[in-house]
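See structure below.
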Amino acid sequence: MLQLSDLNGIGPAAIDKLKQLNIESVLDLLFHLPLRYENKTCITPIDQVRSLQPALVEGVISKSFVIQGKRPILVCEIADDSSSMQLKFFNFYYSQKIKMRSGKRIRAYGEVNQGMHGPEMIHPEFWLDKDIPPLSDRLTAIYPKSEGLPQKRLQNAVQQALNLLQSGQLDMAELLPKEWLSQARLPDLQTALKDVHQPPPDVDMTRLMSGRHPSQERLKIEEMVSHFLALQAIRERHQQQQAPQLFYSAAQKKQFLDRLPFVLTGAQQRVLQEIATDLSRQIPMQRLIQGDVGSGKTVVAAGAIDHALANGQQAVLMAPTSILAEQHRLTLTEYFPDIDIAFLSGRLNAQDRREQLAKIAGDARIIIGTHALFQDEVLYRDLALVIIDEQHRFGVHQRLSLKNKGADNNLMPHTLIMTATPIPRTLAQVVYANLDVSVIDELPPNRQVINTVLLDNQKMPQLAERIKAACQRGEQAYWVCTLVEESEHLRAKAAADTYEELKAWFPHLNIGLVHGRLKNDEKAAVMAAFKDGGIQLLVATTVIEVGVDVPNATLMVIENAERLGLSQLHQLRGRVGRGSRQSHCVLMYQSPLSQNAQIRLSTMRDTNDGFEIAKIDLKLRGPGEILGTRQKGAMQFRLVNLETDKDLFLQAKNLAQSMQKSHPKQCRALIHRWQRQAATLAKV
Ligand code: ADP
Ligand code: MG
């Protein structure tokens, strides 16, 4: 395959610059799509140029002169058969003035302004006399470019790549089935690439600029097909492994359900049944549970764990923070009073760590912890089930490395991932195409809608009354500090300062403080005291964002809520409203608010629905941000926009499925063409 360095004008320096644009091959270059286009295919008579519109004009220079001032301006008056206009240059070389003598022919391209003396162009692109090129018959693409790499150079490199493609010197075959293309009325690869880089002048510009020209759609569909195929390949590779077949009798299940302090919701029962079906097969489960905050995912995890325990095997439950892991330990200790539970987090002392590792390799049946469970020296005895809670916090590769742990007897454990990131269904189908998805779409009974109010930072006395009243009723409150400082140290300090202030405000309340700088057992002690009711008001950083479950807490105050994104606010607010009592959330803010912050805060005030909030979040931030760093790399699309192109998903998915049967060779080639990490991702 030809390299970038084979192109004329692309030396080592340019290659470096291209790298900054993520262009590392000729193929990448062809998939680097233009931002916009310029029409230099026809000359507009000067009397027809329109203000604020770009135009290509050509005429003879009637005079050129310099207006002296703080900044000298070179003015060049040109005339064609129809009229005349001025070209103006603020920064010019003396040599340029000499070249622009009257009588010379000049062609110029630029945006037209209405000046004092009629139409004018400021700093147009121009060509003189012999340098005037023949008119192009295609529109000129303008690319997103990196500092120091001239647009011309990029255009020229793309032109060369297109020529190579046309003459068949580029190894880029058509991989989509011809019948499908003609049926869908979409162009072949070569035409599509030519069209997007060098569209004909009569192209439908509105469609092109909205990314919906058939040539663009064709490329996007190809990229999506490749994406589905890559995920499918991962899935298949996984399914070729053997998993332990886990049995679970109706009696065993009933015993578990009878131990619970509540009855499962319909949604919980359904999801648990889906999991049970997976676990009873020899194919490793790869299931994702989506359920809004407070929908009761933990008990579903416990049900799956019980299923594994019934077979004498081990189950792991992993959480993104030590606070959440510790809480799961307490909850599962309640659900499984007689079971030996091991606990591993990053900050255990050497002896505790040795002890826990020994338990994990030995008699422990349930293992709970943080990402420390991923470390190489953690060896399981017979791991049958891995549950990952709040998975948006974990990277895709970490997930893989944990799965491999069960390899001691060549069996792959079943995997269950739980997330509260409520991404819309259409998006979930793309991002999680390699997983089966279950949705807990029902909240436990008697939940009251959390009442959310917005309060200006100045209104502390009003808030103080609310806090006192809640604590007098025997309920508890969170006070969340949201310093967005990168440093954990500064965040901790800000929380400590607030803690001191609140102690002065509420001398009669028991106030606690938790932040990321505390040791694990200190954190655990504070959280336990809060759970027991010993602490009435808990001052916290966003360490409590995910998973924390203290149903008696009914009031949450979030300081400077305008600093946080919607999904983070929703997660935080989900710490209250977990029981049957009316809960409140006070979002304090510092005015004036940006428009975006206004939308976020009023959305929080107006709805409690995680999916609704996710939709708005998606509009405000785009999918890349929401899915987090996990998706960067592995799920990065070159052309597809997960939000605006979602109506193409289904078409692409169907095509991927049919191609798997009819065109397996092309499928492999498609993965390699589009997936930068094809080799590591899918080993195909
Ligand atoms: P999340 O989905 O956010 O992880 P949790 O599993 O922490 O939610 O559950 C939230 C709260 O709801 C917990 O206090 C839990 O005990 C309670 N809960 C879960 N399921 C039910 C149910 N079916 N009926 C009543 N309460 C429930
Ligand atoms: Mg949870």
Side-chain angles (χ1 to χ4, degrees), residues 243-244 246 248 256 275 278-279 284-287 289 297-391 393-395 398-418 520-521 523-524 527 546-547 549:
L246 303 174
Y248 199 43
F256 170 75
I275 295 170
D278 288 349
L279 293 178
M285 168 168 73
Q286 301 174 75
R287 187 169 288 280
I289 302 183
K297 295 184 287 293
T298 315
V299 69
V300 172
I305 291 174
D306 193 60
H307 189 146
L309 297 189
N311 292 263
Q313 308 227 23
Q314 288 180 310
V316 151
L317 173 57
M318 188 171 47
T321 64
S322 67
I323 288 182
L324 187 48
E326 171 63 19
Q327 176 184 287
H328 282 330
R329 192 181 68 78
L330 295 173
T331 309
L332 293 189
T333 308
E334 268 171 47
Y335 292 162
F336 302 103
D338 310 324
I339 299 290
D340 201 353
I341 299 182
F343 185 87
L344 195 70
S345 77
R347 291 205 224 149
L348 293 185
N349 66 39
Q351 180 179 349
D352 287 347
R353 185 177 164 77
R354 260 200 310 279
E355 267 175 40
Q356 297 305 317
L357 286 175
K359 281 175 80 172
I360 295 171
D363 290 338
R365 310 271 300 285
I366 301 177
I367 298 138
I368 301 173
T370 60
H371 55 271
L373 291 166
F374 286 125
Q375 288 156 355
D376 279 340
E377 73 254 42
V378 186
L379 291 176
Y380 300 89
R381 191 195 58 196
D382 49 7
L383 184 53
L385 172 65
V386 175
I387 303 176
I388 301 175
D389 193 14
E390 303 295 355
Q391 84 112 175
R393 293 291 168 123
F394 290 104
Q398 286 179 318
R399 214 165 78 208
L400 294 174
S401 73
L402 184 87
K403 279 183 199 154
N404 295 333
K405 284 291 184 206
D408 56 80
N409 47 6
N410 286 328
L411 287 181
M412 169 73 80
H414 296 280
T415 312
L416 183 64
I417 296 162
M418 306 200 289
N520 277 348
D521 44 353
K523 272 188 233 165
M527 293 311 294
V546 284
D549 182 44

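Index from 1, following the sequence.
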**Request:** Evaluate the criterion side chain to side chain contact (heavy atoms under 4.5 Å, CB included) for residue pair I305 and L332; output intermediate values, then yes/no.
**Result:** CA-CA 10 Å; I305 291 174; L332 293 189; 3.7 Å; yes

**Message:** Could you walk me through whether S322 and R347 satisfy the side chain to side chain contact (heavy atoms under 4.5 Å, CB included) test, starting with their C-alpha distance in whole Å, then the side-chain angles of each, then the deciding distance to 0.1 Å, before giving a yes or no?
**Reply:** CA-CA 9 Å; S322 67; R347 291 205 224 149; over 6 Å; no

**Message:** Run the side chain to side chain donor-acceptor pair (under 3.5 Å) test on D306 and Y335 for me, step by step, so that the C-alpha distance in whole Å, both residues' side-chain angles and the decisive distance to 0.1 Å come before the verdict.
**Reply:** CA-CA 9 Å; D306 193 60; Y335 292 162; over 6 Å; no

**Message:** Between D352 and F343, is the side chain to side chain contact (heavy atoms under 4.5 Å, CB included) condition met? List the steps.
**Reply:** CA-CA 9 Å; D352 287 347; F343 185 87; over 6 Å; no

**Prompt:** side chain to side chain contact (heavy atoms under 4.5 Å, CB included) between N520 and E326: does it pass, once the steps are laid out?
**Reply:** CA-CA 9 Å; N520 277 348; E326 171 63 19; over 6 Å; no

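Between A319 and A325, the shortest heavy-atom contact is CB-N, 3.7 Å. When all heavy atoms are compared, the tightest approach of A315 to A308 is CB-CB, 4.3 Å. Between G312 and R381, the closest heavy-atom pair is O-NH2, 3.4 Å. Closest approach of L246 to H307, counting heavy atoms only: O-NE2, 3.0 Å.
Between the Q314 side chain and the I367 main chain, no donor and acceptor come within less than 3.5 Å of each other. For N349 (side chain) and Q351 (main-chain N/O), a donor-acceptor pair under 3.5 Å exists by modelled atom type. At distances below 3.5 Å, not a single donor-acceptor pair connects side-chain atoms of R365 with backbone N or O atoms of I339. Put simply, the side chain of Q313 never gets that close to the backbone of L385: no donor and acceptor are under 3.5 Å apart.
Of the N and O atoms on the side chains of H414 and D278, not one donor lies less than 3.5 Å from an acceptor on the other residue.
Atoms CD1 and CD1, from I388 and I289 in turn, are 12.0 Å apart once rounded to the nearest 0.5 Å. Remark: K359 NZ to I366 CD1 distance equals 11.0 Å, nearest 0.5 Å. The NZ atom of K297 sits 13.5 Å away from atom CD1 of I417, with the distance rounded to the nearest 0.5 Å. Taking OG1 of T298 as the reference point, atom CG of L317 lies at 8.0 Å (rounded to 0.5 Å). For the atom pair L383 CG and M412 CE, the distance stands at 10.5 Å (nearest 0.5 Å). The line from CD1 of I387 to CZ of R287 is 13.0 Å long, rounded to the nearest 0.5 Å.
For CG of D340, the number of neighbouring non-hydrogen atoms (other residues, nucleotides, ligands) closer than 6.0 Å is greater than 12.
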